[in-house]
Amino acid sequence: MGRNYLTLISQKGNPIPQIVNWYGKLDIRNVNRKDYKKIPKPLILEMRTGVDVIYPDIMISPVFMVSEEAMEVILLYDKQMPFFFLVLFESEKGKSISYYCPILAEESNNDTEALYYIKRQERNEIKICEELAESLLERGVIGMGLVNNSC
């Protein structure tokens, strides 16, 4: 029997950093297993935050980003998962935070991927296996929303 997968979405309601002025710094087309090494290192993107900002462990826009803790959990389920490093920086407040971007495989049919994506016209859909989702939730990650599409 194969793995069960859920759709990963951003958790609603939390005031999270907004990534701004990223066009020209990050070419989303390079966020794939073939081209991700073309992404500048280190990648520094500008963010805007509000008063009660929360820095979630998982963000999916403009690119899928996870905290170091979430990355370590992902690596328990997929030791081969490539990542690239990025820093979000807010010059106004002098605040910066680091994230890691998993480079997901496209649409898996073999049930071996812990995470993968499905290409959609409007936005790629990220799929996460139930075991990894449960493991992340048990560790109290912030920012992860889940949708069960099998119902």
Side-chain angles (χ1 to χ4, degrees), residues 2-12 14-49 53-91 94-120 122-147 149:
R3 282 180 158 167
N4 289 325
Y5 288 87
L6 303 165
T7 301
L8 182 66
I9 60 169
S10 283
Q11 191 175 36
K12 305 284 184 244
N14 289 330
I16 63 171
Q18 298 302 308
I19 290 100
V20 295
N21 303 327
W22 60 272
Y23 297 100
K25 294 178 186 155
L26 172 62
D27 187 343
I28 299 283
R29 295 171 299 190
N30 288 335
V31 183
N32 62 61
R33 297 248 168 125
K34 188 172 75 104
D35 301 318
Y36 79 96
K37 291 185 175 152
K38 295 177 186 174
I39 295 168
K41 291 176 195 69
L43 180 61
I44 299 172
L45 299 178
E46 194 179 331
M47 71 174 164
R48 192 176 303 131
T49 60
V53 70
I54 291 171
Y55 297 98
D57 294 292
I58 295 176
M59 292 199 298
I60 61 171
S61 181
V63 65
F64 182 35
M65 300 176 255
V66 300
S67 65
E68 186 172 2
E69 295 79 12
M71 177 190 69
E72 289 168 0
V73 176
I74 291 168
L75 287 171
L76 293 174
Y77 289 83
D78 186 347
K79 291 172 184 21
Q80 306 304 314
M81 176 72 70
F83 289 84
F84 70 88
F85 179 74
L86 74 80
V87 175
L88 299 180
F89 183 75
E90 185 171 44
S91 51
K95 175 78 177 154
S96 67
I97 186 160
S98 302
Y99 279 95
Y100 297 84
C101 301
I103 307 299
L104 306 181
E106 189 173 350
E107 198 150 359
S108 171
N109 293 324
N110 58 9
D111 286 346
T112 60
E113 302 285 344
L115 280 163
Y116 68 93
Y117 75 94
I118 299 174
K119 217 172 190 56
R120 300 273 188 235
E122 60 286 348
R123 169 183 291 265
N124 289 343
E125 196 172 283
I126 300 169
K127 295 294 189 178
I128 182 170
C129 72
E130 282 182 347
E131 298 86 3
L132 174 54
E134 286 172 11
S135 192
L136 287 164
L137 289 170
E138 284 170 7
R139 288 167 175 82
V141 299
I142 298 168
M144 183 170 72
L146 298 167
V147 176
N149 295 76

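In this text the structure is predicted, and so the values were computed from the model without any measurement.
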| note | Separation between CG (Leu26) and CD1 (Ile44), nearest 0.5 Å, reads 13.0 Å
| said: Show every salt bridge (Lys or Arg N to Asp or Glu O under 4.0 Å) that has at least one partner inside residues 18-28, sequence neighbours left out. | reply: Asp27-Arg29
| task | Using the test side-chain hydrogen bond (donor to acceptor under 3.5 Å, both in side chains), find all partners of Arg120 that sit at least two apart in sequence or belong to another chain. | result | Glu125
Could you pull out every donor-acceptor pair under 3.5 Å between side chains of residues 62-70 and any protein atom, sequence neighbours left out?
residue	atom	partner	partner atom	Å
Ser67	OG	Asp57	OD1	2.8
Ser67	OG	Glu69	OE1	3.3
Ser67	OG	Ala70	N	3.2

| query | Is there side-chain contact between Thr7 and Ile118, with heavy atoms separated by less than 4.5 Å? | reply | no
| Restricting to pairs with a member in residues 66-91, which pass ring-ring contact (aromatic ring centres under 6.0 Å, His included), not counting sequence neighbours? | Phe85-Tyr100
| request: Would you confirm whether Glu113, through its side chain, and Ala105, through its main-chain N or O, come within 3.5 Å as a donor-acceptor pair? | output: no
| task | Could you list the residues that satisfy side-chain hydrogen bond (donor to acceptor under 3.5 Å, both in side chains) with Glu134, not counting sequence neighbours? | result | none
| message | Is it the case that atom NZ in Lys41 sees more than 12 heavy atoms from other parts of the structure closer than 6.0 Å? | response | yes
| said: Looking at every heavy atom in both Pro56 and Tyr99, which two are closest together, and how far apart are they? | reply: O-OH, 2.6 Å
| task | Answer yes or no: is there a side-chain heavy-atom contact under 4.5 Å between Lys95 and Pro17? | result | no
| Taking only residues two or more places apart in sequence, or in another chain, which ones meet Leu146 in a side-chain contact (heavy atoms from CB on, under 4.5 Å)? | Leu6, Leu8, Ile128, Ala133, Leu137, Met144
| message | Under the salt bridge (Lys or Arg N to Asp or Glu O under 4.0 Å) definition, can you give me all pairs with a residue in residues 100-110, not counting sequence neighbours? | response | none
| Nearest-0.5 Å distance that lies between atom CG in Leu76 and atom CE in Met71 | 10.5 Å
| said: Using every non-hydrogen atom in the two residues, find where Ile19 and Ser61 come nearest and quote the distance to one decimal. | reply: CD1-O, 3.7 Å
| query | How many angstroms lie between CD1 in Ile39 and CD1 in Ile103, if you round to the nearest 0.5 Å? | reply | 5.0 Å
| message | I'd like to check the side-chain hydrogen bond (donor to acceptor under 3.5 Å, both in side chains) partners of Thr112; sequence neighbours left out, ordered by chain and number. | response | Asn110
| Taking only residues two or more places apart in sequence or in another chain, which ones pass side-chain hydrogen bond (donor to acceptor under 3.5 Å, both in side chains) with Arg48? | none
| task | Work out which heavy atom in Glu90 is nearest to a heavy atom in Thr49; give both atom names and the distance. | result | OE1-OG1, 2.5 Å
| said: Among residues at least two apart in sequence or on other chains, which ones pass salt bridge (Lys or Arg N to Asp or Glu O under 4.0 Å) with Lys119? | reply: none
| request: Would you check, one step at a time, whether the test side chain to side chain contact (heavy atoms under 4.5 Å, CB included) holds for Met47 with Ile97? | output: CA-CA 10 Å; Met47 71 174 164; Ile97 186 160; 4.1 Å; yes
| How many angstroms lie between CG in Leu115 and SG in Cys129, if you round to the nearest 0.5 Å? | 7.0 Å
| message | Looking at Glu130, is its backbone amide N or carbonyl O close enough to the side chain of Arg3 to form a donor-acceptor pair, meaning the two atoms are under 3.5 Å apart? | response | no
| note | Heavy-atom nearest pair, Met81 first then Leu75, reads O-CD2, 3.9 Å
| Distance from Ser98 atom OG to Tyr55 atom OH, nearest 0.5 Å? | 12.0 Å
| task | Mind running side chain to side chain contact (heavy atoms under 4.5 Å, CB included) on Ile28 and Trp22 for me, showing each step along the way? | result | CA-CA 10 Å; Ile28 299 283; Trp22 60 272; 3.5 Å; yes
| Partners of Pro15 by side-chain contact (heavy atoms from CB on, under 4.5 Å), sequence neighbours excluded? | Asp52, Ile54
| With sequence neighbours left out, what residues match Tyr116 under ring-ring contact (aromatic ring centres under 6.0 Å, His included)? | Tyr5
| Roughly how far, to the nearest 0.5 Å, is the CD1 atom of Ile58 from the CD1 atom of Ile60? | 9.5 Å
| Closest heavy-atom pair and its distance - Ile74, Leu132 | CA-CD1, 4.0 Å
